[in-house]
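Encoded as structure tokens, the structure appears first; notes follow it.
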Amino acid sequence: MAEANTTTTKATATTARKKQRRSVPAGQLHVQATFNNTIVTFTDKKGNVLTTSSAGASGFRGSKKGTAYASQIAAEKVAEVAKSQFGAKSVDVFVKGVGLGRDAAIRAMGSYEILVDSIKDVTGVPHGGVRPRKARRA
């Protein structure tokens with residue numbers, strides 16, 4: 001005699017909160033441009049991250065990630081999401097690093113009609129530096 005399993009499992013439907021569509025007309029764009037990659041992040045005025053992209057996430061690999069074109073594509077991806085999902089109209093740009101993608105990422109905002117209010121360079125500058133090498137013996 002085989003007993004049939006007649007117990008019904010109650011499906012617990014978790015009510016996932018619907019993502020609220022925030023309106024962020026003015027935000028911040030953080031561009032970190034290194035020699036190997038460029039990371040572009042769109043935040044609100046407080047600095048809370050809304051969307052981000054990088055040259056590597058845009059499909060570039062190896063030495064191509066450090067190019068200005070790769071930076072432009074990454075910035076366009078961020079600009080499209082910022083414009084469509086958050087209604088971004090103006091940004092304050094913060095640039096960090098010495099890579100090739102510094103200018104290209106800022107210029108990409110113009111094609112999406114996002115006004116650049118200000119550009120600030122926040123690249124870290126060493127003051128003091130590391131301990132020097134020992135003196136060479138003669």
Side-chain angles (χ1 to χ4, degrees):
M1 284 184 148
E3 273 187 45
N5 191 0
T6 58
T7 59
T8 58
T9 57
K10 186 177 178 183
T12 57
T14 57
T15 54
R17 265 189 253 157
K18 189 173 180 184
K19 188 141 185 173
Q20 187 177 345
R21 188 159 185 258
R22 287 180 58 188
S23 177
V24 184
Q28 297 177 344
L29 188 77
H30 296 268
V31 179
Q32 182 179 5
T34 65
F35 290 121
N36 296 322
N37 201 355
T38 302
I39 302 168
V40 184
T41 307
F42 178 71
T43 67
D44 60 9
K45 285 289 188 184
K46 291 181 180 176
N48 300 318
V49 175
L50 300 174
T51 182
T52 186
S53 184
S54 68
S58 299
F60 294 92
R61 284 286 166 248
S63 61
K64 293 183 183 79
K65 287 194 299 185
T67 63
Y69 179 68
S71 169
Q72 178 185 339
I73 298 300
E76 285 176 357
K77 283 177 80 171
V78 167
E80 189 205 335
V81 173
K83 183 88 169 168
S84 62
Q85 288 187 7
F86 301 104
K89 290 181 175 45
S90 66
V91 291
D92 295 317
V93 180
F94 296 92
V95 183
K96 181 185 281 189
V98 292
L100 296 171
R102 294 163 54 101
D103 301 328
I106 298 169
R107 273 194 235 104
M109 293 295 115
S111 63
Y112 282 88
E113 296 172 1
I114 296 176
L115 183 71
V116 176
D117 288 339
S118 67
I119 301 171
K120 186 174 183 183
D121 192 346
V122 291
T123 305
V125 180
H127 47 281
V130 296
R131 180 172 171 259
R133 292 179 60 172
K134 65 181 180 181
R136 191 172 159 191
R137 279 200 239 169

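- Ile73 and Tyr112 are not part of a single hydrophobic cluster, where members link through side-chain heavy atoms under 4.5 Å apart.
- Linking Ile, Leu, Val, Met, Phe, Trp and Tyr residues whenever their side-chain heavy atoms come within less than 4.5 Å leaves Val122 and Ile119 in two separate clusters.
- Put simply, CD on Gln72 and OG on Ser58 are 11.0 Å apart, with the number rounded to the nearest 0.5 Å.
- Here NZ of Lys64 is found 14.0 Å from CG of Asn37. Values are rounded to the nearest 0.5 Å.
- Residues Lys83 and Glu113 come closest through the heavy atom pair NZ-O, 3.5 Å.
- Of all non-hydrogen atoms in Ala68 and Leu100, the two that sit nearest each other are CB-O, 3.8 Å.
- Arg102 pairs in a side chain to side chain contact (heavy atoms under 4.5 Å, CB included) with only one of the listed residues (Thr123, Val31, Val93), which is Thr123.
- Atom CZ of Phe94 sits about 6.0 Å away from atom OG of Ser118, to the nearest 0.5 Å.
- Without hydrogens or angle criteria, Ser90 side chain to Ile114 main chain gives no donor-acceptor distance under 3.5 Å.
- Taking all atoms of both residues into account, the shortest heavy-atom contact from Ala70 to Lys65 is CB-O, 3.8 Å.
- At least one donor-acceptor pair closer than 3.5 Å links the side chain of Ser71 to the backbone N or O of Gly101.
- In summary, the side chains of His30 and Gln28 do present a donor paired with an acceptor at a separation below 3.5 Å, with no hydrogens or angles considered.
- Grouping the Ile, Leu, Val, Met, Phe, Trp and Tyr side chains by contacts below 4.5 angstrom, directly or via other members, places Met109 with Phe86.
- Both Ile106 and Val78 are members of a single hydrophobic cluster when ILVMFWY side chains are connected at heavy-atom separations under 4.5 Å.
- Of all heavy-atom pairs spanning Gly27 and Phe42, the tightest one is CA-CE1, 4.0 Å.
- Contact annotation: the side chain of Asp92 approaches that of Lys45 to within less than 4.5 Å [non-hydrogen atoms, C-beta and beyond].
- Side-chain contact between Thr43 and Leu50: absent, with no pair of heavy atoms (C-beta onward) separated by less than 4.5 Å.
- For the pair Thr51/Gln85, no side-chain contact is recorded, criterion being any heavy-atom separation below 4.5 Å from C-beta on.
- Shortest non-hydrogen contact noted between Ser54 and Ile39 is CB-CG1, 4.0 Å.
- In this structure, Tyr69 and Phe60 have perpendicular ring planes: the angle between them is above 60°, well past the 30° mark.
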